[in-house]
Q: 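Sharing a structure, written as structure tokens. Questions coming.
In what follows, every chain begins at residue 1, and chains take the letters A, B, ... in the order their sequences are listed. If you're wondering where the values come from, they're calculated on a predicted model, not measured in any experiment.
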Protein chains: 2
Amino acid sequence: MRFDRPPPEPLASAHGFLLSWNGHRISAMFAEGLEPLGLRPPHFGVLTLIEAKPGSTQQELVDRSQVDPSSMVSIIDELEATGLAERRDHPDDRRKHALYLTARGGKTLTRAREVAIKTFSEVFAPLDADERETLRRLLRKLAGIDD
Amino acid sequence: MRFDRPPPEPLASAHGFLLSWNGHRISAMFAEGLEPLGLRPPHFGVLTLIEAKPGSTQQELVDRSQVDPSSMVSIIDELEATGLAERRDHPDDRRKHALYLTARGGKTLTRAREVAIKTFSEVFAPLDADERETLRRLLRKLAGIDD
DNA sequence: TATTGTTATACTCTATAACTATA
DNA sequence: TATAGTTATAGAGTATAACAATA
């Protein structure tokens, strides 16, 4: 799928297609922006969750990220290999790992957030501030999030 | 990625994540709905485009669908194998094929459209009519479509 | 030489199930 | 017996580049 042009009619007339197309487009653009940092979107998600709750176990990250356990292993393997996060022994249970960001991981997450913001501005450029807020509200409602 | 629950915070706070999550969710639901018809979303797209302009060449479908040429070959192979579309000789150029829906293809497309509408109603159920129209307008604007 | 369609192939991403070590 | 994490493996889906036939 290419995203360098608007989707063609008659497909673009369908609400569902539009939502799907825009969603895949922003994913692809974000993934491309993350590439220079050596990250893919799931890495960003996991880094974000570790920062939000340092010391989380892999199981907790699985629950909060909707990523399956085996994928979580490889994502964290990669984060450790690139020195962005580390597994430490869990104080209460020798089966568990406690996950923490490294200093470098924190910095990389900051840069990844800048990428997210840049991608966001590019994609949402056609909308003014009011429209963006409306879209955000509608998308949250669509996702089943109560405000 | 799982879609049976709303996306977790803090991820759900990000506009981009919300758009991407909803987009992937509706794709996944539509794909699931199409399964009993033996179709995947790209088949639906190609059927739609052939119906919109019968006699299209594969190259034209590639241009209008944003699917790459080699994927187009397998999609059309599958549509022919299941008797939904057919390649005919192109009157002007022996390199080209002219694509047509079969009667069965037309019926299947109708049923696939019903699946699309059903998926759409499910996903957009949390929104009222005005909100849906607003969302449609914003998504078209986002996609770069001039109204 | 360029274009249409095709094939062969490789790659990315994810999911499934079986395994280990601990509880 | 159940849980945390891991491994091995297979699968879906897509993309890339080389190719034959025709223009």
Q: According to side chain to side chain contact (heavy atoms under 4.5 Å, CB included), who are the partners of B:P10, at least two apart in sequence or on a separate chain?
A: A:T48, A:L49, A:A52
Q: Pairs in or reaching into residues 76-87 of chain A: which pass salt bridge (charged side-chain N to carboxylate O under 4.0 Å, His left out), with residues at least two apart or in two chains?
A: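 Listed by first then second residue: A:R40-A:E78, A:D77-A:R87, A:E80-A:R87, A:E86-A:R88.
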Q: Please list, in numerical order, the residues of residues 72-88 of chain B that have a heavy atom closer than 4.0 Å to any atom of DNA chain C.
A: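 Contacts with DNA chain C under 4.0 Å: B:V73, B:R87.
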Q: Of the residues in residues 33-65 of chain A, which ones touch DNA chain D at a heavy-atom distance under 4.0 Å?
A: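 When residues 33-65 of chain A is checked for heavy atoms under 4.0 Å from DNA chain D, the hits, listed by number, are A:T57, A:Q58, A:Q59.
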Q: Name every residue in residues 21-30 of chain A that has at least one heavy atom under 4.0 Å from any atom of DNA chain C, in order of residue number, or write none if there are no such residues.
A: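 DNA chain C contact set from residues 21-30 of chain A: none.
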Q: Partners of B:S70 by side chain to side chain contact (heavy atoms under 4.5 Å, CB included), sequence neighbours excluded?
A: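 If we apply the side chain to side chain contact (heavy atoms under 4.5 Å, CB included) test to B:S70, skipping adjacent residues, the hits are B:D68.
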Q: Under the rule for side chain to side chain contact (heavy atoms under 4.5 Å, CB included), what residues qualify as partners of B:F120, not counting sequence neighbours?
A: A:H15, B:F124, B:R132
Q: For D:dG5, does either OP1 or OP2 sit under 4.0 Å from a side-chain N or O belonging to A:H90?
A: no
Q: Could you list the residues that satisfy side chain to side chain contact (heavy atoms under 4.5 Å, CB included) with B:A143, not counting sequence neighbours?
A: A:P7, A:L18, A:W21, A:N22, B:I145
Q: Can you name the ring pair (Phe, Tyr, Trp, His ring centres under 6.0 Å) partners of A:H97, sequence neighbours left out?
A: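 If we apply the ring pair (Phe, Tyr, Trp, His ring centres under 6.0 Å) test to A:H97, skipping adjacent residues, there are no hits.
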Q: Could you tell me if the ring centre of B:F30 sits under 6.0 Å from that of A:F17?
A: no
Q: Among residues at least two apart in sequence or on other chains, which ones pass salt bridge (Lys or Arg N to Asp or Glu O under 4.0 Å) with A:E122?
A: A:K118
Q: Return all side-chain donor-acceptor pairs below 3.5 angstrom for residues 107-117 of chain A, not counting sequence neighbours, or 'none' if the list is empty.
A:
residue : atom : partner : partner atom : Å
A:T108  : OG1  : A:R104  : O            : 3.0
A:T110  : OG1  : A:G106  : O            : 3.1
A:R113  : NH2  : A:E51   : OE1          : 2.5

Q: Nearest-Å distance, CD (B:Q66) to P (D:dT14)?
A: 13 Å
Q: Across nucleotides 16-23 of chain D, 5' to 3', mark each nucleotide with B, S or - according to how protein heavy atoms within less than 4.0 Å reach it.
A: B----BBS
Q: Is it the case that over 12 heavy atoms from other parts of the model lie below 6.0 angstrom from the CD atom of A:E133?
A: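 For A:E133, atom CD is crowded (more than 12 foreign heavy atoms under 6.0 Å).
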